[in-house]
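Notes to accompany the following structure.
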Amino acid sequence: MVHSTLNPALVSQRAAQRLPRWALLLFCAAYVLPGLFGRDPWRNADVTAFGYMFSMADGHSPWWMPTVGGVTADPAPVPYWLGAIFIRLLSPWIDPALAARLPFAMLLVAVLALTWYAAYHLARTEAAQPLPFAFGGEADPVDYARAMADGALLALIATLGLLQLGHETTPELTQLACVALYTYAMAASPSRGIGAKLAIMLGLPALAGSGAPSIALALGLSGSLVCARSDYPVVRRFTPWVASATALTAAMATVFDLWTSQVGSYSTLDSVTAVVRQWLWFLWPVWPLALWTLWRWRRHIPNRHIAVPLSCAAVTAAASVVMGGQDRVLMLSLPGFALLAAFALPTLKRSTAAAVDWFSVFFFSLCAIAFWIIYSSLQIGFPVRPAQNVVKLAPGFVSQFSLLALLLAAAGSLAWVWLVRWRTGRNQHALWKSLVLPASGVALCWLLLMTLMLPVLDYARSLRPLVTRVAQHVPPDACIAASRLPRSVWASLEYFGGFRVDGTNGATDTRCTYLLQPEAKAGKHPAPPGWTLVARVNRPTDRTEWVAIYQRLPSSTARSAAGRPATR
């Protein structure tokens, strides 16, 4: 073990004050609850995953092989089971979209809680404790650990990459919860005995069952190495449990054929710079703090409070790079980066903390003011220009007023003003002080987006308007062939429109009487043989991609009359 005199942390008891529990819970509520209610599943990954859940819950696809449009999902069904179970349990009292989001909101809460407890246990280790003062007054170990855990939680909330992806109903959020559970097991292994063992035996196999067996295997191998090299005998005795969980994960992935290969390519310099830019904003503000931690605690990298989060962040971040810079994989590294960022707080210079504060005040205040200006323009027509821009970008949108949304947005804005005043006052002692404004600024902007801006965002990001336009030309419960359209459109057609979708067959093979194909605005392609063009439609906010609707010619209906589609 590295000698304690090399410890860079000097923390007084005054600096180890904990964040009041009511304030911490309010932070979490303001971050988790907005976006849970009053919106549709949004296009691409969100509505696609929901489509599989709804299909299972509605009895149109088997639970062991979820399908949308006759096409199966990825081989890991666990995330889809969560949403489907809640839809079945809560239907018809709760809208299926809301019911499917509830377990994923619980998973986000679990990620926040597990990150807090992981930081608490890591900060309790001997190597992580600050140096004692010559005449006393140093931080109490428990108080210090709680303050560090508060800082880690605020760092996680402050990350920009978790903001949208953490509020979707996608398998990656299940994977994130599994990574957080694994991190907690590694952090709590010296003190939580059976709890840590159960967590490791559940976390890695569940991560594989959620669609990331390769990442689970890599985490298990790195975790075994960290435990085996520990100076704590109790941690070394934890190594067989990590190895057993890794072996169970590999066996389960092999038996259920969960292994997948998703290797990206970097053929141009632009693809490399795109990944760099993604990291800069996705991991903000934890990446500069994590780098500072690695520098100031460089002699402690083999110790658990650095090695555990570093190994987690390195494995998941490397997986994102290998897979072509996927942001949903990079999201799995956020608990590790947040833990590393927390250990920068005891060594952070006051000038650096002040720079973070003033950047947060400037940036998030401007964002909040912009949201209020746009809202005012949409509701009362002043100023005029923002409303005109909204009408131009989202033709057909009709502004809506909600008193509850207005009150929540006003309360959040007033809380932000109070926090800025508190932070710029004389409250300069708590360890977590430098992350209060970044975390609260992110929570404020998310709250304003999900209250003041939610109607226009829902109109722009939902596929309901497209399905509504399709329904004007296609009768209810009709069969639609749409093999060339993305799965998100299939899921939206089934959920919003109640159509039967064939996603496996094209114009020449399908038994459906209607056909949907993508089409550029300028290119009016001839109709496929046996089909006639009915209409061309698009999403109101998309002026480049159109969907052509074709109907089978009467002379070609004999084949479809005797058959039925592959799904539903």
Side-chain angles (χ1 to χ4, degrees), residues 15 17-36 105 108-109 111-113 115-116 119 146-164 166-167 281-289 334-335 337-338 341-342 344-345 348 352-372 375 405 407-454:
Q17 59 183 294
R18 61 189 294 185
L19 184 65
R21 296 303 95 179
W22 65 266
L24 193 64
L25 293 176
L26 189 61
F27 265 120
C28 295
Y31 188 78
V32 174
L33 294 179
L36 184 61
L108 182 58
V109 172
V111 170
L112 299 178
T115 301
W116 191 95
R146 287 173 176 169
M148 294 291 285
D150 292 341
L153 179 57
L154 293 176
L156 184 61
I157 292 177
T159 52
L160 300 180
L162 186 62
L163 192 56
Q164 177 185 329
H167 292 83
W281 74 262
F282 194 95
L283 298 175
W284 179 267
V286 294
W287 69 262
L289 294 176
L334 292 179
F337 275 105
L345 299 179
L348 208 60
T352 304
V356 172
D357 286 336
W358 286 112
F359 174 81
S360 300
V361 170
F362 178 77
F363 179 77
F364 292 115
S365 297
L366 283 182
C367 290
I369 292 171
F371 293 145
W372 278 106
Y375 178 78
L407 293 177
L408 290 174
S413 300
L414 291 175
W416 168 253
V417 173
W418 181 86
L419 276 172
V420 170
R421 183 177 179 182
W422 173 86
R423 181 63 189 96
T424 54
R426 296 184 178 182
N427 301 282
Q428 306 292 332
H429 305 290
L431 279 176
W432 38 262
K433 63 185 183 297
S434 303
L435 290 170
V436 168
L437 291 183
S440 57
V442 168
L444 169 68
C445 290
W446 181 247
L447 175 64
L448 296 182
L449 278 173
M450 294 298 104
T451 51
L452 303 182
M453 299 289 101
L454 182 58

Could you tell me the separation between the [atom1] atom of [X] and the [atom2] atom of [Y], rounded to the nearest 0.5 Å?
{"X": "L289", "Y": "T352", "atom1": "CG", "atom2": "OG1", "result": "9.0 Å"}
{"X": "L283", "Y": "L162", "atom1": "CG", "atom2": "CG", "result": "11.0 Å"}
{"X": "C28", "Y": "I157", "atom1": "SG", "atom2": "CD1", "result": "4.5 Å"}
{"X": "F359", "Y": "F364", "atom1": "CZ", "atom2": "CZ", "result": "7.0 Å"}
{"X": "W446", "Y": "C367", "atom1": "CH2", "atom2": "SG", "result": "14.0 Å"}

Test your reading of the model: is there a side-chain donor-acceptor pair from D150 to the backbone of L19, 3.5 Å cut-off?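 Flag set: sc D150 to bb L19 pair under 3.5 Å.
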Is a side-chain donor or acceptor of H167 paired with a backbone partner of Y31 at a separation under 3.5 angstrom?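 Yes, because the side chain of H167 sits within donor-acceptor range (under 3.5 Å) of the backbone of Y31.
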Could you walk me through whether L156 and W116 pass side chain to side chain contact (heavy atoms under 4.5 Å, CB included), step by step? CA-CA 9 Å; L156 184 61; W116 191 95; over 6 Å; no
With under 30° as parallel and over 60° as perpendicular, where do the rings of Y375 and W372 fit, or are they tilted in between?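 Because their plane-to-plane angle is over 60°, the rings of Y375 and W372 count as perpendicular.
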Give the minimum heavy-atom separation between [X] and [Y], together with the two atoms involved.
{"X": "R423", "Y": "D357", "answer": "NH2-OD2, 2.6 Å"}
{"X": "V286", "Y": "A338", "answer": "CG1-CA, 4.3 Å"}
{"X": "A409", "Y": "T451", "answer": "CB-OG1, 3.6 Å"}
{"X": "G151", "Y": "L345", "answer": "CA-CD1, 3.9 Å"}
{"X": "L452", "Y": "A405", "answer": "CD2-O, 4.5 Å"}
{"X": "Q17", "Y": "A147", "answer": "O-CB, 3.9 Å"}

Can you establish whether the number of heavy atoms outside W281 located under 6.0 Å from its atom CH2 is more than 12?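 Atom CH2 in W281 is crowded, with more than 12 foreign heavy atoms closer than 6.0 Å.
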Ring centroid separation for F363 and W284, is it under 6.0 angstrom?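 When the ring centroids of F363 and W284 are compared, they turn out to be at least 6.0 Å apart.
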Step by step, work out the side chain to side chain contact (heavy atoms under 4.5 Å, CB included) result for W416 and V420. CA-CA 6 Å; W416 168 253; V420 170; 3.6 Å; yes
Yes or no on side chain to side chain contact (heavy atoms under 4.5 Å, CB included) for M453 and L448, after CA distance, side-chain angles and deciding distance? CA-CA 7 Å; M453 299 289 101; L448 296 182; 6.0 Å; no
Min side-chain heavy-atom separation V32-L112 under 4.5 Å: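 SC-SC contact between V32 and L112 confirmed.
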Expected list for residues 434-443: side-chain donor-acceptor pairs under 3.5 angstrom, two or more places apart:
{"from": "S440", "atom 1": "OG", "to": "V436", "atom 2": "O", "distance (Å)": "2.7"}
{"from": "S440", "atom 1": "OG", "to": "L437", "atom 2": "O", "distance (Å)": "3.2"}

Salt bridge (charged side-chain N to carboxylate O under 4.0 Å, His left out) contacts in which one or both residues fall within residues 434-446, not counting sequence neighbours: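 Residue pairs with at least one partner in residues 434-446: there are none.
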